[in-house]
Amino acid sequence: AYSTLLGGENSNSGTAIAVDSSGSAYVTGWTYSSDFPLAGTSFQSIYRGMQDAFVLKLGAAGSALTYSTFLGGTGADVGMGIAVDSSGNAYVTGKTDSADFPLSGDRSLFGSTKKALTDGFVAKLNSTGSALAYSLFLGGNDVDIPHGIRVNAAGEAFVVGETASGNFPMINAFQGEKDSYRAAFVTKLNAAGSNAGSGVSPSKRLA
């Protein structure tokens, strides 16, 4: 049906994809290219760091970008997972080394400060890619790496990944303590991204 390249003059990688009911594709990943192709009213039109995440929407025919935007701070940022709801809002998760990663919304649960060199992030972009509905750090005092995200009909986001943080934020946890260096985590955020429930499961149970 179609096949297309996406990228600028330096290294670029697509890491996750979601598709809406009209056949439009939503892609996230990372880029080292300041000239990565942008389209629409981009939330972030400037390449800010040594590696930025990107989020884009490709029309159903694959011949045009509906929107494309950078997402990141002055450090290294990588989009790892993406989901889309019935209204066309994109939910993106990944990892960031940027203390100045763009944040938005109520961050009372997780706070607004990056706690380690590498933290996870979760961000919700509106249907035009022009604004963040919310964006927050997700992690503790060690390395945290989200790998995937899904969203339900109520707009609640579910994030899965790995954490080395003994103080990873948890509410109503199935398991409150990790007993290995790296543990899996599952986090559920409400539609506003303002509160969540998390549970940590040790990696040995997932082997």
Side-chain angles (χ1 to χ4, degrees), residues 1-74 76-96 98 100-105 120-136 138 146-160 189-193:
Y2 69 76
S3 179
T4 182
L5 298 175
L6 291 167
E9 62 183 356
N10 294 316
S11 296
N12 316 273
S13 178
T15 56
I17 191 169
V19 180
D20 66 18
S21 59
S22 68
S24 295
Y26 298 71
V27 182
T28 191
W30 55 263
T31 180
Y32 285 101
S33 302
S34 60
D35 62 343
F36 190 89
L38 302 180
T41 306
S42 302
F43 159 71
Q44 182 181 324
S45 59
I46 298 173
Y47 178 76
R48 295 182 64 197
M50 61 186 208
Q51 181 184 28
D52 270 357
F54 67 82
V55 185
L56 61 83
K57 178 181 178 181
L58 188 64
S63 57
L65 291 171
T66 305
Y67 70 75
S68 177
T69 182
F70 294 115
L71 181 62
T74 52
D77 313 287
V78 177
M80 301 284 286
I82 192 167
V84 61
D85 66 20
S86 60
S87 298
N89 301 301
Y91 300 72
V92 185
T93 194
K95 61 180 181 177
T96 178
S98 300
D100 58 352
F101 188 88
L103 303 176
S104 181
F121 71 83
V122 185
K124 177 183 177 181
L125 274 165
N126 69 0
S127 60
T128 60
S130 61
L132 290 171
Y134 65 74
S135 178
L136 50 88
L138 179 61
H147 289 287
I149 189 168
R150 293 292 185 271
V151 62
N152 65 15
E156 298 169 323
F158 299 77
V159 183
V160 65
L189 294 107
N190 71 7

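What you see below is based on every heavy atom in this structure, not just the backbone, and it leaves out hydrogens, waters and symmetry mates. All residue numbers in this chain count up from 1 along the given sequence.
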Chemist: I'd like to check the side-chain hydrogen bond (donor to acceptor under 3.5 Å, both in side chains) partners of Lys57; sequence neighbours left out, ordered by chain and number.
Modeler: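 Only Tyr26 meet the side-chain hydrogen bond (donor to acceptor under 3.5 Å, both in side chains) criterion with Lys57.
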
Chemist: Testing the basics here: between Ser24 and Gly59, what is the closest heavy-atom pair and its distance to 0.1 Å?
Modeler: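 Smallest interatomic distance, heavy atoms only, reads OG-CA, 4.1 Å.
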
Chemist: Any donor and acceptor pair, going by atom type alone, linking the side chain of Ser135 with main-chain N or O of Pro102 inside 3.5 Å?
Modeler: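 At least one qualifying donor-acceptor pair exists.
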
Chemist: Kindly give the heavy-atom pair with the smallest separation between Ser22 and Ala60, and that separation in Å.
Modeler: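 Looking at all heavy atoms of both residues, the shortest contact is O-CB, 3.4 Å.
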
Chemist: For residues Ser68 and Leu65, report the shortest heavy-atom separation together with the two atoms involved.
Modeler: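 Here Ser68 and Leu65 meet closest at CB-CD1, 4.0 Å.
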
Chemist: Which heavy atom in Met80 sits nearest to a heavy atom in Thr15, and how many Å separate them?
Modeler: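 Shortest heavy-atom separation between Met80 and Thr15 comes out as CA-OG1, 3.8 Å.
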
Chemist: What residue among Ile46, Asp52, Val55 forms side chain to side chain contact (heavy atoms under 4.5 Å, CB included) with Phe70?
Modeler: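 Exactly one option meets the side chain to side chain contact (heavy atoms under 4.5 Å, CB included) with Phe70, and it is Asp52.
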
Chemist: Using modelled atom types and a 3.5 Å cut-off, is there a donor and acceptor pairing between side-chain atoms of Ser130 and backbone atoms of Phe43?
Modeler: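 Not confirmed, Ser130 side chain does not pair with Phe43 backbone.
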
Chemist: So, Asp77 and Thr96: side-chain donor and acceptor under 3.5 Å apart, yes or no?
Modeler: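 Side chains of Asp77 and Thr96: pair found under 3.5 Å.
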
Chemist: Would you compute the distance between atom CG of Leu103 and atom CG of Leu136 and round it to the nearest 0.5 angstrom?
Modeler: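 Reported value, rounded in 0.5 Å steps: 7.5 Å.
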
Chemist: Please determine whether side-chain contact (heavy atoms from CB on, under 4.5 Å) holds for the pair Thr4 and Leu58, giving the CA-CA distance in whole Å, both sets of side-chain angles, and the decisive distance to 0.1 Å.
Modeler: CA-CA 10 Å; Thr4 182; Leu58 188 64; 4.1 Å; yes

Chemist: Ignoring hydrogens, what is the shortest heavy-atom contact between Ala83 and Arg150? Give both atom names and the distance.
Modeler: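 Nearest pair, atom of Ala83 first, then Arg150: CB-CA, 4.0 Å.
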
Chemist: Any donor-acceptor pair under 3.5 Å linking the side-chain atoms of Asn10 with those of Ser33?
Modeler: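 No.
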
Chemist: Just verifying a value: how many Å separate Phe36 CZ and Thr69 OG1, rounded to the nearest 0.5 Å?
Modeler: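 Separation between the atoms: 10.0 Å.
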
Chemist: Do you know the tightest heavy-atom contact between Ala25 and Tyr2?
Modeler: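 Scanning both residues, the minimum pair turns out to be CB-OH, 3.9 Å.
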
Chemist: Atom OG1 in Thr31, atom CG in Leu6: separation rounded to 0.5 Å?
Modeler: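 Spacing of OG1 (Thr31) from CG (Leu6) equals 10.5 Å.
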
Chemist: Atom OH of Tyr47 and atom CG of Leu38: how far apart are they, to the nearest 0.5 Å?
Modeler: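 Those atoms lie 12.5 Å apart.
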
Chemist: Are the side chains of Tyr91 and Tyr134 in touch, meaning some heavy atoms are under 4.5 Å apart?
Modeler: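 SC-SC contact between Tyr91 and Tyr134 confirmed.
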
Chemist: Nearest 0.5 Å, what's the CG-CG distance between Asn89 and Leu132?
Modeler: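 Reported to 0.5 Å precision, the distance equals 11.5 Å.
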
Chemist: Going from CG on Asn12 to CD on Gln51, what distance comes out if it is rounded to the nearest 0.5 angstrom?
Modeler: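 Going from CG on Asn12 over to CD on Gln51, the span is 10.5 Å.
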
Chemist: With salt bridge (Lys or Arg N to Asp or Glu O under 4.0 Å) as the rule and sequence neighbours excluded, what pairs involving residues 27-45 come up?
Modeler: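 Checked against salt bridge (Lys or Arg N to Asp or Glu O under 4.0 Å) - neighbours excluded - no pair reaches residues 27-45.
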
Chemist: Kindly say whether Thr74 contributes a backbone atom to a donor-acceptor pair with the side chain of Asp100 at under 3.5 angstrom?
Modeler: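 Yes, the answer is positive, given that a donor and an acceptor are paired below the 3.5 Å cut-off.
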
